[in-house]
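Have a look at the structure below before the remarks.
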Amino acid sequence: MKKLFDENETEYPGGEWAKVLVKVVPFVLILLILAVMFIVDQVKKDNDGQTENLQQNIMDYADENRIDQTLAEAVVQASPAVRDEDVQEDSLENSKESADKEAPMQPADAPSPTPYKEIMEAGKIDYSKVMFNKDTQLAEMMTYWEENNQKALDDLANLDHYIAMSWKLKGTKDFYYYGGVNSSGQPDGKGIAVYADNQYYYGDWKDGVRSGNGTWIHYHMHPTENTKDLYTYHQYTGGWADDLPEGEGSEHYDYNQSLLVEGVGYDANLIGSYEKGLIHGDFYITNLYADESTKEWNAQAQKGSWVYLNDNKDKKGNRTIHVEVSNPDNYIWMHPRDNVNIGVPCLISKNKN
């Protein structure tokens, strides 16, 4: 009987075919296992890569949206002077429209001043979009005027909703009034009024016009730096009749000192008398100079013109109108063409020629 397996001959049951299968099958199985492992590994790497790309795309998208949102917020909040030049025009327009929609306007006679967001146009405030309440504001200003609190008056007049109140009257001789009235509803007694061009009056009224004693102030305000207007404000205090300065009164001018020309004297104070809004009578005048020094002068006026002090004329035809108090040989000169209709300049009045 033949052995199934001989340690020396290495025989397999089934002959040569079985011998081949025994040697080949394990090798094939190993290859298959390796192939499966390789495929699984590649699939895992691809999935991991897709996941990482997806996560990165999500982060990039979020970052882009966050940048766009931040940029849009910056455009809405920034004034034109500080906007980045790289911002597209259409983005600016869309942001501006959004800002306008977020701040709806109320009528001028709203019951109380409402907090507002300044609307900027070409570097200037658009005062047509600034809310105000004339009665409330004039009543507040009247209180400080009665207390003779000039600092508070100046501060109020420079607030945007006060400027907007005056701006509403632009191009007219009308005024908003708060105070006493007569039986016909006309201003009468003590009262305060605001006019166009940041002008205010507080004092006596009679039958709808300024009459008695009162103070008028003209604040010179500019949305941007002004290199021509020397004044910051101009004030007249004294007598009034028929809505014009009348009788004893005084004018005061306040200047932007940096704009004064060296060696030139500027009227700082005039104390004298007026007739129908024009200078008329004796005057004492103080002049201010760029180095902050002052000089005092005497003068006389007649119906809006300075009286010439002598017959002297210079080569340009200028004549003497003021004489220095401490030096009678020193004069201020003026050409006759300019020496007419001199009164309180800029004053808004329906009775002013």
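What's counted below: heavy atoms across the whole structure, side chains too, no hydrogens, waters or symmetry copies. Note that the coordinates shown come from a computational prediction; the quantities given were computed from them, not determined experimentally.
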ask   = Is there a side-chain contact (heavy atoms from CB on, under 4.5 Å) between Asp267 and Asn287 once you walk through the steps?
value = CA-CA 5 Å; Asp267 289 345; Asn287 274 10; 2.8 Å; yes
task = Show your working on side-chain contact (heavy atoms from CB on, under 4.5 Å) between Tyr284 and Asn298 and close with a plain yes or no.
result = CA-CA 5 Å; Tyr284 167 79; Asn298 287 324; 4.1 Å; yes
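Nearest heavy-atom pair, Leu260 versus Ala290, reported as atom, atom and distance to 0.1 Å: O-CB, 3.8 Å. When all heavy atoms are compared, the tightest approach of Ala196 to Thr172 is CB-O, 4.2 Å. Here the closest non-hydrogen pair linking His161 and Val130 is CA-CG1, 3.9 Å. Nearest heavy atom pair, residue Asp135 against residue Tyr178, reads O-CD1, 3.9 Å. The two residues Ser273 and Gly281 have their closest heavy-atom pair at OG-CA, 3.5 Å. Contact detail for Ser128 and Asp126: the closest heavy-atom pair is OG-OD1, 2.6 Å.
Residue pairs meeting the ring pair (Phe, Tyr, Trp, His ring centres under 6.0 Å) criterion with at least one partner in residues 307-350, sequence neighbours excluded, are Trp306-His322.
Atoms NE2 and CD, from His280 and Gln300 in turn, are 10.5 Å apart once rounded to the nearest 0.5 Å. Note that CE of Met165 is 9.5 Å distant from CG of Asn198, once rounded to the nearest 0.5 Å. Note that CH2 of Trp205 and OG of Ser211 are 10.5 Å apart. Values are rounded to the nearest 0.5 Å. Rounding to the nearest 0.5 Å places OH of Tyr202 at 12.5 Å from CG of Leu138. The line from OG1 of Thr294 to CG of Asp291 is 9.5 Å long, rounded to the nearest 0.5 Å. Taking CG from Asn339 and CD1 from Ile279, the interatomic distance works out to 7.0 Å, rounded to the nearest 0.5 Å.
Screening His218, Glu251, His252 for a side chain to side chain donor-acceptor pair (under 3.5 Å) involving His234 leaves a single residue, Glu251.
Side chains of Leu270 and Tyr253 form a contact here, defined as non-hydrogen atoms less than 4.5 Å apart. Between His220 and Thr232, the closest side-chain pair of non-hydrogen atoms is not below 4.5 Å. Within the 4.5 Å cutoff, the side chain of Trp240 has no heavy atoms near those of the Lys206 side chain. For the pair Leu230/Asn256, no side-chain contact is recorded, criterion being any heavy-atom separation below 4.5 Å from C-beta on. Contact check for Gln235 versus Thr215: side-chain heavy atoms found under the 4.5 Å cut-off. Using a 4.5 Å heavy-atom cutoff, the side chains of Lys170 and Tyr127 are not in contact. Within the 4.5 Å cutoff, no side-chain heavy atoms of Ile163 are placed close to those of Ile125. Trp216 places none of its side-chain heavy atoms less than 4.5 Å from the side chain of Tyr200.
More than 12 heavy atoms of other residues, nucleotides or ligands shown are found within 6.0 angstrom of CG on Asn310. Environment of NZ in Lys190: crowded, with over 12 heavy atoms of neighbouring residues, nucleotides or ligands closer than 6.0 Å. Other residues, nucleotides and ligands contribute more than 12 heavy atoms inside 6.0 Å of the CZ atom of Phe175.
The closest donor-acceptor contact from the side chain of Gln137 to the backbone of Leu156 lies at 3.5 Å or more, if one exists at all. Checking side-chain atoms of Ser349 against main-chain N and O of Asp243 turns up a donor-acceptor pair under 3.5 Å. Ser166 places a side-chain N or O within 3.5 Å of a backbone atom of Asp197 that can act as its donor or acceptor partner. For Glu246 (side chain) and Lys276 (main-chain N/O), a donor-acceptor pair under 3.5 Å exists by modelled atom type.
Taking Lys313 as the reference, Arg319 meet the side chain to side chain contact (heavy atoms under 4.5 Å, CB included) condition, with sequence neighbours excluded. Every residue two or more places apart in sequence or in another chain that forms a side chain to side chain contact (heavy atoms under 4.5 Å, CB included) with Glu324 is listed here: Lys295, Trp297, Ser326, Asn327, Asn330.
For the residue pair Asp154/Gln150, the side-chain donor-acceptor check at 3.5 Å is satisfied. Remark: the Thr320 side chain and the Asn312 side chain contain no N/O donor-acceptor pair separated by less than 3.5 Å. With 3.5 Å as the limit, one finds a donor-acceptor pair spanning the side chains of Asn351 and Asp242.
Residues Tyr236 and Ile271 fall into different hydrophobic clusters, defined by Ile, Leu, Val, Met, Phe, Trp and Tyr side chains chained together at heavy-atom separations under 4.5 Å. Side-chain heavy atoms closer than 4.5 Å link hydrophobic residues (I, L, V, M, F, W, Y) into clusters, and following such links, even through other members, never connects Leu278 to Ile321. Following chains of ILVMFWY side-chain contacts shorter than 4.5 Å, one can reach Trp145 starting from Leu159, so the two form part of one hydrophobic cluster. A single hydrophobic cluster is not seen to contain both Val209 and Tyr274; linkage of ILVMFWY side chains at heavy-atom distances under 4.5 Å, directly or through other members, places them apart. In the hydrophobic clustering of ILVMFWY residues, with side-chain heavy atoms under 4.5 Å counting as a link, Ile348 and Tyr231 come out together.
Ring centroid separation for the pair Tyr266 and Tyr289 does not come in under the 6.0 Å cut-off.
A salt bridge does not link Asp204 to Arg210: none of the charged nitrogens lies less than 4.0 Å from a carboxylate oxygen.
Between Phe132 and Tyr176, the two ring planes are tilted [angle within 30° to 60°].
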